[in-house]
Amino acid sequence: MWPHRGISLQAPILPEKEGEIHIIDFDDENNIINKNVLLHQAGEIWHISASPADRGVLATCYNRTSDSKVLTCAAVWRMPKELESGSHESPDDSSSTAQTLELLCHLDNTAHSNMACVVWEPMGDGKKIISLADNHILLWDLQESSSQAVLASSASLGGKGQLKFTSGRWSPHHNCTQVATANDTTLRGWDTRSMSQIYCIENAHGQLVRDLDFNPNKQYYLASCGDDCKVKFWDTRNVTEPVKTLEEHSHWVWNVRYNHSHDQLVLTGSSDSRVILSNMVSISSEPFGHLVDDDDISDQEDHRSEEKSKEPLQDNVIATYEEHEDSVYAVDWSSADPWLFASLSYDGRLVINRVPRALKYHILL
């Protein structure tokens, strides 16, 4: 995931080590990638998320052994001050030493077992955070400069069997009062004010749901992906069937991400080692695209062009990226440059790509 401060990526890319976070800085002008390493001595990282309000704060979910049992815990950390300003070593500097994260607070899970992920409130002061632990959804208030986490409210999945959350996403709409979660093949919506369920999509996917994302520009629209190799788009006001379904991947789809500015652009990453950039313009906030420049059409074509502009544009796959040789577990857009995105695979390979220039200008002009 990309922190809000610019073209930087934070990701645990060396799982064989005790625990590291690599702060990646991309020099766009010179096409150079620089990095700094932060030690995460608490344990092996499974999930990481950056605060949208404080560029130096992040949360991790990690493994910890207690009484011969492996637990997944969660904590909030601050990176060293000098890294917040974007000061990074050159790629050839092998003498640089790793620095250590400062622990701000633990999200105490002694009563709620294993943490699956941590989700920050997308707007506001960065003091509200949700964690998903087994079948519990927990809302925390971060106090005293994030040095203390107080459990504000919680809810639990009901039903038969051992239900466990796998992922979640906080909606930027509705004054940030709604959260979507996935457990097994089911999607659920929650009202954070009452921690009550507001919608449920059973059998949303044929197999496990891996990830979710809200359309940043269009209320009620939610994307999901899973082990059935599909990406589905939902209108949460009518959940009887998806609005659209993509079936471009040949193995589990681990990630789906809307572009923050141009919501017709959707990224997906999969265990088939591919990253796919799709143009979902028909269900975007601009389904009719942009009018053709009047200078480029003759008087005889004016009427025909106006009629054509009233027809929704067609969805399509823009590009398939095959630079990875292993499962792609993470994809995300830069929050500083809407045309830049990154992908990360199991073997630790990080790839940075751009939206094709022709498409960029087609969207802008």
So, taking the atom named [atom1] in [X] and the one named [atom2] in [Y], what distance separates them when rounded to the nearest 0.5 Å?
| X | Y | atom1 | atom2 | value |
| --- | --- | --- | --- | --- |
| N215 | S285 | CG | OG | 6.5 Å |
| H136 | N114 | NE2 | CG | 11.0 Å |
| L277 | N279 | CG | CG | 8.0 Å |
| R188 | F165 | CZ | CZ | 7.0 Å |
| D191 | S196 | CG | OG | 5.0 Å |
| F233 | D213 | CZ | CG | 9.5 Å |

For K230 and D228: C-alpha separation, side-chain torsions, deciding distance, then whether salt bridge (charged side-chain N to carboxylate O under 4.0 Å, His left out) applies. CA-CA 5 Å; K230 298 178 182 179; D228 57 0; 5.1 Å; no

Using the rule given for side-chain contact (heavy atoms from CB on, under 4.5 Å), can you reason through W234 versus L187, listing the C-alpha separation, both sets of side-chain angles and the distance that settles it, and then say yes or no? CA-CA 10 Å; W234 307 88; L187 305 179; 3.6 Å; yes

Are more than 12 heavy atoms from other residues, nucleotides or ligands located less than 6.0 Å from atom [atom1] of [X]?
| X | atom1 | answer |
| --- | --- | --- |
| R357 | CZ | no |
| K218 | NZ | yes |
| N175 | CG | no |
| E241 | CD | no |

Are any of the side-chain heavy atoms of [X] and [Y] separated by less than 4.5 Å?
| X | Y | result |
| --- | --- | --- |
| Y220 | Q178 | no |
| P122 | C176 | yes |
| W77 | I48 | no |
| I21 | T60 | yes |
| I24 | I33 | yes |
| D134 | K164 | yes |
| L138 | M115 | yes |
| L142 | V57 | no |

Is [X] salt-bridged to [Y], going by a charged N under 4.0 Å from an acidic O?
| X | Y | value |
| --- | --- | --- |
| D211 | R169 | no |
| K127 | D125 | no |
| D235 | R237 | yes |

Checking the side chain of [X] only, and the main-chain atoms of [Y] only, is there a donor and an acceptor separated by less than 3.5 Å?
| X | Y | value |
| --- | --- | --- |
| T192 | T177 | yes |
| S271 | H251 | no |
| N217 | S261 | yes |
| S273 | D326 | yes |
| W190 | T181 | no |
| S270 | W252 | yes |
| N255 | V331 | yes |
| K232 | A204 | yes |
| T166 | V209 | yes |
| D184 | L208 | no |

Is the H173 to F214 ring centre distance short of 6.0 Å? no

Kindly indicate, with the supporting measurements, whether the criterion side-chain contact (heavy atoms from CB on, under 4.5 Å) is fulfilled by E248 and V231. CA-CA 9 Å; E248 301 296 334; V231 181; over 6 Å; no

Begin from the C-alpha positions of L246 and S278 and carry the test side-chain contact (heavy atoms from CB on, under 4.5 Å) through to its verdict. CA-CA 9 Å; L246 290 178; S278 299; 3.7 Å; yes

Less than 6.0 angstrom from the centroid, inside 45 degrees of the normal: does R210 satisfy that with respect to the ring of W254? yes

Is it the case that one hydrophobic cluster holds both V243 and L212, taking links as side-chain heavy atoms less than 4.5 Å apart, direct or via other members?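 Per the 4.5 Å side-chain linkage, V243 and L212 are not co-clustered.
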
Specify whether H262 and W339 have parallel, tilted or perpendicular ring planes, treating 30° as the upper limit for parallel and 60° as the lower limit for perpendicular. parallel

Would you call the rings of Y62 and H106 parallel, tilted or perpendicular, where under 30° means parallel and over 60° means perpendicular? tilted

Would you tell me whether T240 and N238 have side-chain atoms, one donor and one acceptor, within less than 3.5 Å of each other? yes

Do the side-chain N and O atoms of S345 and D347 include a donor-acceptor pair separated by under 3.5 angstrom? yes

Verify side-chain contact (heavy atoms from CB on, under 4.5 Å) between D337 and R354, making sure each step is shown before the conclusion. CA-CA 10 Å; D337 183 343; R354 282 192 169 277; 3.0 Å; yes

